[in-house]
Amino acid sequence: MATKETLAAQSNDQSFAHIVDEFQWRGLMALSTDEKELREALDEPITFYCGFDPTAPSLHLGNLVQLLTMRRLQLAGHHPLALVGGATGLVGDPKPTAERTLNDRETVALWVEKLAEQNRRFLDFEGKNAARMVNNLDWTQEYSAIDFLREIGKHYRVGKMLSKDAVSARLNSDAGISYTEFSYQIMQGLDFLELYRRYDCVMQTGGSDQWGNLTSGTDLIHRVEGKSVHLIATPLITNADGKKFGKSEGNAIWLDAELTSPYAMYQFWLNTDDADVIDRLKVFTFLHRSEIEELAEKVKSEPHLREAQRTLALQVTEIVHSREEAESARDASAALFGSGDLRALDAQTLAAALRELPNARVQKGVSVVAALVETGLVESNGAARRAIAQGGVSVNKIKVDSEEAVIDDLLAGDVAVLARGKKSLAGLFF
RNA sequence: GGCAAGUUACCCAAGCGGCCAAAGGGAUCUGACUGUAAAUCAGCUGGUGUAUGCCUACGGGGGUUCGAAUCCCUCACUUGCCA
C-alpha cells in the first residue's frame, strides 16, 4: 500500500490545548463518559479500542469516521487496538429495522480477514505506539455456555438490557428481536472487559448509535473490576438535506477499490453539498483549523469554484487509497468534466482518464444501447432505451437522440466517452 | 403447546378470483434551472426490439380453477393474546 507517506504526513492540530478540544471542534464527540475524567485519562498515553463487525466484505464511509478517529488518537500518542468482530459478526448487532440474516462462518471469517487488511492501511502498526489487531473470536470461542452465563450473564440485568435503544426500538416494532441479537450487547461488553484485562485498555470509541453497546463494556468493567473506563462516541454523519450520508445512487461507498473505485470515491466527495462540506473536512481530513477556516471563507465568497469540495475529495481519496490514485482521479475528473473539449485531449491523457471510469472494450459501430449495458451504466436494454428517450445519454458530450444510434465517432486513441446523466461516465475502448 | 393476525417490488403500503407487472407515498434515476451544489418544477422506474406474446415477481412448496397476489392445504418466519 502506498499509504505510508500519507500516514506520515498526518498530524493533529497543535493549536488545540487538548485533543478533546480538537475532537469537539471537529464535531467528533457526540457523547462521552465524564469529560473531566476523560481529559485527565488522555493526558497520559492510554490503550483504547474500536470494533468493526464483518457484516460486509468491506468497510464503508461510516467506518471511516471510526478509523480516522482512531488515527487521531494514535497521533496524540495513544495505543490503538483495532478489533475485528470474528465473534460478534457471527451474532449480529440489532439493526433498528429488522433482524439480520446470519452469515455462515466461512463468510464471516473471510470478511474478518478483509476488514483486518483494510484496518492496516489507516493506522500505523509500527513504532512506539503501534496499533495492534485483535479478534474477539479469540476469547469468545473459549467460553462454554455455562461459563458465559455464570461469569458474564450474572452481571447483566435484563431490565437495563431491555431499555437500550437498539433493543427497545426492536421490541416496539413488529419485527421483534431474537435472543441472539438481544445478547449482542453482552458480547461487546465482554470484549471491553477482555481487552481491559489483556492490554489495560481503558477507552473505547464508536458510533453514537452504538452507545448502548459501548456502555455495556464500561458497566461490566465497573462491576467486575471496580474500575471506571472511558468512552467517546462519534456522531452519526447526516446530510443537511436529510438524505442518508455515504450513499451514491442508493449504493454504499466502500473503502475497497474493487467495490468503489478511487474515481467514484473522488466524485462522491466532490459532489458534497455546500452546507455539509466544512463539517466533512473536519471529520474526514487531517487539515488543521486554520486551513479549514480558510476554505469555509471560500465557500461563502466563491462557492462556484468549489475549492472546499476539491480539497475534500483529494484529501479523502488519498487517505483511503493513495496520493497517486487520488491525483489520477482528480485529473480524470478534470479532463472529463472540464471546460469540455474532449477532442483537444491527447490520446494518453484520455486513455488514462477513461481507465479511471467503468469501461468496456467494444467494436466500432456498436449500438449506444449495447454500450450502455456493456459498461454497466444501465442495467438492461430497456433502461438504456429509457435513458436515451429521456435525453440523458451522450457520446463524447454530444447528446444521443435516437435509440438506434451507433458509435462510430472516435476520439484520439480510438476511444469514446459515454455518459448517462451528467455525472455517470464510462469509457469505451475500441 | 393453543388461538388470532400477518409475510406484496429498494422502503412503507393498497389490492382479497379475471380490468394486476400489481394503487398511493417515500427513495433512486433523467430532464429544466445551476456551480459536477441546494431548492423548485416536470418525467421515468421488472426483463425481452415490440410480441392482444413470453419469462420473472406478491414468504417456500403443493392444490382448486378456463384463470390466483387474491380460495384451500402445508411448511417457515413475525407479532399479539392465552397456557
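By convention in this document, chain letters (A, B, ...) are assigned in the order of the sequence lines, proteins followed by strands, and residues within each chain are numbered from 1.
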* Asked: Taking atom C1' of B:U36 as reference, at what distance in whole Å does atom NZ of A:Lys397 sit?
  -> 10 Å
* Starting at the 5' end of RNA chain B, which residue's closest nucleotide do you reach first, A:Val373 or A:Pro303? -> A:Pro303
* Asked: Tell me: CZ of A:Arg420 to P of B:U45, nearest whole Å?
  -> 13 Å
* **Distance between P atoms of B:U65 and B:U70 (Å, rounded)** => 16 Å
* Tell me what A:Arg385 touches on the nucleic acid: a base, only sugar-phosphate, or nothing, going by heavy atoms under 4.0 Å. => base
* Distance between C1' atoms of B:A83 and B:U8 (Å, rounded) -> 34 Å
* NA contact type, A:Ile177, heavy-atom cut-off 4.0 Å: base, sugar-phosphate, or nothing? -> sugar-phosphate
* When rounded to the nearest Å, what value does the distance between C1' atoms of B:A13 and B:A22 take? -> 12 Å
* To do: Using a heavy-atom cut-off of under 4.0 Å over every strand shown, decide if A:Asp276 touches base, sugar-phosphate, or nothing.
  => nothing
* Along RNA chain B (nearest heavy atom to each residue), the more 5'-positioned of A:Arg310 and A:Glu403 -> A:Arg310
* **Spacing of the P atoms in B:U52 and B:C33 (rounded, Å)** => 40 Å
* B:C44 and B:U30, which share atom name P, separated by this distance in whole Å -> 15 Å
* When Watson-Crick pairs (N1 to N3 and N6-O4 or O6-N4) and G-U wobble pairs (N1-O2 and O6-N3) count only below 3.5 Å on both distances, what is the dot-bracket string of RNA chain B, with | for other-strand pairs? -> ((((((((.[[[..)..(.....]]](.((((.......)))).)(((....)))...[[[[[..)....]]]]]))))))).
* Whole angstrom value for the distance that separates P of B:U34 from CZ of A:Phe337 -> 18 Å
* Rounding to the closest angstrom, what is the interatomic distance between B:U45 and B:A39 at atom P? -> 23 Å
* With rounding to whole Å, what would you report as the distance between B:G47 and B:A42 at their P atoms? -> 25 Å
* **Salt bridge flag under 4.0 Å for residues A:Glu117 and A:Arg120** => yes
* Structure fact -> When rounded to whole Å, the CD1 to P distance for the pair A:Ile388 and B:G49 reads 13 Å
* Asked: How is A:Glu379 classified with respect to the nucleic acid when contacts are heavy atoms under 4.0 Å: base, sugar-phosphate, or nothing?
  -> nothing
* Using a strict 4.0 Å threshold on nitrogen-to-oxygen distance, state whether A:Arg170 and A:Glu99 make a salt bridge. => yes
* Rounding to a whole Å, what distance do you find between A:Tyr179:OH and B:C77:C1'? -> 21 Å
* Asked: Has the side chain of A:Ser333 got a donor or acceptor atom sitting under 3.5 Å from an opposite partner on the base of B:U36?
  -> yes
* Asked: Sub-3.5 Å donor-acceptor pair from the side chain of A:Gln185 to the main-chain atoms of A:Met161, do we have one?
  -> yes
* With A:Lys298, the salt bridge (Lys or Arg N to Asp or Glu O under 4.0 Å) member among A:Glu291, A:Glu293, A:Glu307 -> A:Glu307
Close N/O contacts between protein and nucleotides 37-43 of chain B (under 3.5 Å):
{"unit_1": "B:A37", "atom_1": "OP1", "unit_2": "A:Lys423", "atom_2": "NZ", "d": "3.1"}
{"unit_1": "B:A37", "atom_1": "O4'", "unit_2": "A:Arg306", "atom_2": "NH1", "d": "3.4"}
{"unit_1": "B:G43", "atom_1": "N2", "unit_2": "A:Gln390", "atom_2": "OE1", "d": "3.2"}

* Asked: Looking for any heavy atom pair under 4.0 Å, which part of the strands does A:Glu99 touch: base, sugar-phosphate only, or nothing?
  -> nothing
* Asked: Distance check: side-chain N/O of A:Asn381 vs OP1/OP2 of B:G47, anything under 4.0 Å?
  -> no
* Asked: When you measure from the side chain of A:Lys399, which nucleotide among B:U30, B:U36, B:A32 comes out closest?
  -> B:A32
* Side-chain donor or acceptor of A:Arg310 paired with backbone N/O of A:Leu305 under 3.5 Å -> yes
* To do: Please answer whether the main-chain N or O of A:Glu35 pairs with a side-chain N or O of A:Ser32 as donor and acceptor at a distance below 3.5 Å.
  => no
* Flag, side chain of A:Asp276 to backbone of A:Ala240, donor-acceptor distance under 3.5 Å -> yes
* Test the A:Arg330-A:Tyr266 pair against the cation-pi criterion, namely NZ or CZ under 6.0 angstrom from the six-membered ring centroid and within 45° of the ring axis. => no
* Structure fact -> Contacts of A:Ala296 meeting side chain to side chain contact (heavy atoms under 4.5 Å, CB included) (sequence neighbours excluded), chain-then-number -> A:Ile278
* Asked: Quick one: is the NZ or CZ of A:Arg289 closer than 6.0 Å to the six-membered ring centre of A:Phe16, and within 45° of its axis?
  -> yes
* Asked: Given the P atoms of B:A68 and B:C54, what is the spacing between them in whole Å?
  -> 13 Å
* Considering only NZ, NE, NH1 and NH2 on the basic side and carboxylate oxygens on the acidic side, decide whether A:Asp13 and A:Arg26 come within less than 4.0 Å. => no
